[in-house]
Novice: 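Right, I'll just put the structure down here and ask away after.
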Amino acid sequence: MKRNLTKILILFSIISFLSCRNIIHSVNNIQLLPRESDVPGWRLNSAPKEYTVDNVHRYLHNKGRIFKKYGFRSVSVAKYHSINDQSRLTTVEIYKMDSTLNAFGIMGIERGFNHIEDSVFENSYTKGAGFYFRKGIYYIRIEASKTTDSFTIQRDNIIFAQVVHENIKNPNEPLQDYVALFGDNKRVSDVVYYIDGHPQLPEIDNLFVRGKRISGRIKHIIYSKRDSCYESLKYISSLVQEMEPPFVLSNAEEFQIAFNRSENNNYIFIAVYKEWIFGIINADTKFEGKKIVHRLYTELIEFLKSSNKYSLLIP
């Protein structure tokens, strides 16, 4: 009898431990949200809410699909109003993704290239009445109602952002060094990560697109690191053999190039060097496209040489 009772008590303890651990795990994300005491002059409209993969459609609706592509795990949401003016509202959303790269990816997809880079802290930007940033596997959206001037909106947003930024103690693993490829000073704020491929190059998944200023104009540079040389060659072969109209191969001593004319009458140049795919998707002329690809090749070689000596890890 005592032996059976002991077994029951042990089993109950294990179940209780696992239940508590799951509760703590879900509560921790909500605890990253600002408390009323963290933001004097503001009050919560209602209790914060958390949505997971199973019910995120209730909050994001159709937009939830793109978040799920980028490894969405949960989102914690809280809405606040100003004590002095209840029409002044601020919404804080903390998205937890499955990796730092996917958090970077979903932020880039939402940010695009039309934004104002913010200097409050790294990996942040301003767009309209919102302030957005990434820290590790978390992507944070802070948006204010447009009932006051832009200066007040930004001031309020930054107050909330600083609290959340401080609450996230462990940013998890850094981005891979090659995310900063073709950029200046490890800059990644002008990079968008397309997990399923760019609309103009849907065949190439896990593709990075950088807005790079060349000769006074923004050019969209693409790059991707594949698992092997064979895989990168397979992609360029598919562009030549399967695309309509097909890409045209061009000679280069050090690497392979294929080019095509886009629907916008720009030129797309794709190059392959070992396991790397790189190029440009908005060259004005063939000459410009080929010139830029050779420049990118030089930068790639310099990166590969230097990466053996030091790391460009990004927090």
Novice: Hydrophobic clusters here meaning ILVMFWY residues chained together by side-chain heavy-atom distances under 4.5 Å, can you tell me if Leu89 and Ile142 are in one?
Specialist: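 Cluster IDs for Leu89 and Ile142 differ.
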Novice: Examine the side chains of Glu143 and Thr90 and answer whether a donor and an acceptor come within less than 3.5 Å of each other.
Specialist: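 Absent: no donor and acceptor within the cut-off.
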Novice: Taking all heavy atoms of Phe131 and all of Ser124, pick out the closest pair and write down the distance.
Specialist: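 Phe131 and Ser124 have their closest heavy atoms at CZ-CB, 3.7 Å.
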Novice: What pair of heavy atoms forms the shortest contact from Ile257 to Phe269, and how long is it?
Specialist: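 Minimum heavy-atom separation between Ile257 and Phe269: CG2-CD2, 3.7 Å.
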Novice: Checking Ser74 against Asn29: is there a side-chain donor and acceptor pair closer than 3.5 Å?
Specialist: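 Their side chains do contain a donor-acceptor pair, which is all the 3.5 Å distance test asks for.
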Novice: For the residue pair Ser224 / Arg226, report whether a side-chain donor-acceptor contact shorter than 3.5 Å exists.
Specialist: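 Per modelled atom types, Arg226 and Ser224 side chains form a pair under 3.5 Å.
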Novice: Which residue pairs pass the salt bridge (Lys or Arg N to Asp or Glu O under 4.0 Å) test with at least one member in residues 274-289, sequence neighbours excluded?
Specialist: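 Output for this query lists Arg217-Asp284, Lys219-Asp284, Lys219-Glu288.
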Novice: Taking the ring centre of each residue, are Phe67 and Tyr95 less than 6.0 Å apart?
Specialist: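 When the ring centroids of Phe67 and Tyr95 are compared, they turn out to be within the sub-6.0 Å range.
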Novice: Spell out, yes or no, whether Tyr273 and Leu201 are grouped together once hydrophobic residues are joined by side-chain heavy atoms under 4.5 Å, including indirect joins.
Specialist: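 Tyr273 and Leu201: one cluster.
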Novice: Does Pro34 offer a backbone N or O that forms a donor-acceptor pair with the side chain of Tyr80 under 3.5 Å?
Specialist: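 Yes: the side chain of Tyr80 pairs with the backbone of Pro34.
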Novice: Is it true that a side-chain atom of Gln154 and a backbone atom of Ser150 form a donor plus acceptor pair closer than 3.5 Å?
Specialist: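 Side chain of Gln154 to backbone of Ser150: no pair is present.
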Novice: So, do Phe160 and Trp42 have ring centers that fall under 6.0 Å from each other?
Specialist: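 Yes, the ring centres sit under 6.0 Å apart.
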Novice: I'd like to check Lys290 versus Val293 (side-chain heavy atoms, cut-off strictly below 4.5 Å). Are they in contact?
Specialist: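 Lys290 vs Val293: side chains apart.
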Novice: Testing the 3.5 Å rule here: is there a donor-acceptor pair between the side chains of Tyr267 and Arg261?
Specialist: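 Note: Tyr267 and Arg261 side chains meet the donor-acceptor criterion.
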Novice: Which pairs count as side-chain hydrogen bond (donor to acceptor under 3.5 Å, both in side chains) when at least one residue sits in residues 61-73, sequence neighbours excluded?
Specialist: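 Every side-chain hydrogen bond (donor to acceptor under 3.5 Å, both in side chains) pair that includes a residue of residues 61-73, provided the two are not neighbours, is Lys63-Glu110, Lys69-Asp196.
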Novice: Tell me whether Val163 shares a hydrophobic cluster with Ile153, the cluster being built from Ile, Leu, Val, Met, Phe, Trp, Tyr side chains joined at under 4.5 Å.
Specialist: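 Different clusters: Val163 never reaches Ile153 through Ile, Leu, Val, Met, Phe, Trp or Tyr contacts under 4.5 Å.
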Novice: Inspect the contact between Asp156 and Arg88 and indicate whether a charged nitrogen and a carboxylate oxygen are less than 4.0 angstrom apart.
Specialist: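 A salt bridge is present here (some side-chain N lies under 4.0 Å from a carboxylate O).
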Novice: Could you tell me whether the side chains of Tyr193 and Asn206 share a donor-acceptor contact shorter than 3.5 Å?
Specialist: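 Their side chains do contain a donor-acceptor pair, which is all the 3.5 Å distance test asks for.
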Novice: How are the rings of Phe182 and Phe278 set to each other: parallel, tilted or perpendicular (split at 30° and 60°)?
Specialist: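 Tilted, since the angle between the ring planes falls between 30° and 60°.
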Novice: Could you tell me whether the side chains of Glu299 and Tyr297 share a donor-acceptor contact shorter than 3.5 Å?
Specialist: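 Looking only at side-chain atoms, Tyr297 and Glu299 do not form any donor-acceptor pair under 3.5 Å.
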Novice: Run the numbers on Leu101 and Ile195 for side-chain contact (heavy atoms from CB on, under 4.5 Å), then give the verdict.
Specialist: CA-CA 10 Å; Leu101 178 59; Ile195 195 168; over 6 Å; no
Novice: Examine distances only and state if a side-chain atom of Arg111 and a backbone atom of Val191 form a donor-acceptor pair shorter than 3.5 Å.
Specialist: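 Checked: pair present.
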Novice: Indicate whether the side chain of Asp85 and that of Ser82 have a donor and an acceptor atom separated by less than 3.5 Å.
Specialist: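 Side chains of Asp85 and Ser82: no pair found under 3.5 Å.
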Novice: What heavy-atom pair brings Tyr178 and Phe303 nearest, and what distance separates the two atoms?
Specialist: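 The pair with the smallest heavy-atom distance is CA-CZ, 3.7 Å.
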Novice: So, Phe113 versus His220, ring centres under 6.0 angstrom or not?
Specialist: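 Ring-ring flag for Phe113/His220: true, centres closer than 6.0 Å.
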Novice: Has Arg35 got more than 12 heavy atoms of other residues, nucleotides or ligands less than 6.0 Å from its CZ?
Specialist: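 It does not: Arg35 CZ has 12 such atoms or fewer within range.
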Novice: Hydrophobic cluster membership, with links at side-chain heavy-atom distances under 4.5 Å among I/L/V/M/F/W/Y: are Ile218 and Leu296 in one?
Specialist: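 Cluster IDs for Ile218 and Leu296 differ.
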Novice: Please determine whether residues Trp276 and Ile301 belong to a single hydrophobic cluster, defined as Ile, Leu, Val, Met, Phe, Trp and Tyr linked transitively by side-chain heavy-atom distances below 4.5 Å.
Specialist: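 Both belong to a single hydrophobic cluster.
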Novice: Checking side-chain polar atoms at under 3.5 Å, does Tyr235 have a donor or acceptor matched by the opposite partner on Asp205?
Specialist: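 The answer is yes; a qualifying pair exists.
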Novice: Would a 4.5 Å heavy-atom cut-off, applied to side chains only, mark Asn260 and Leu239 as touching?
Specialist: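 Side-chain contact under 4.5 Å: no.
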Novice: I need the minimum non-hydrogen distance between Ser145 and Ser87, along with the two atoms involved.
Specialist: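 Shortest heavy-atom separation between Ser145 and Ser87 comes out as OG-O, 3.1 Å.
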Novice: Mind listing the closest non-hydrogen atom pair of Val240 and Pro246 along with its distance?
Specialist: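 Shortest heavy-atom separation between Val240 and Pro246 comes out as O-CB, 3.2 Å.
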Novice: If every non-hydrogen atom of Ile280 is compared with every non-hydrogen atom of Ile222, which pair is closest and at what distance?
Specialist: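 Minimum heavy-atom contact is N-CG1, 4.3 Å.
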Novice: Would you indicate whether the side-chain heavy atoms of Asn123 and Phe133 approach each other to under 4.5 Å?
Specialist: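 Heavy-atom side-chain distance check fails, nothing below 4.5 Å.
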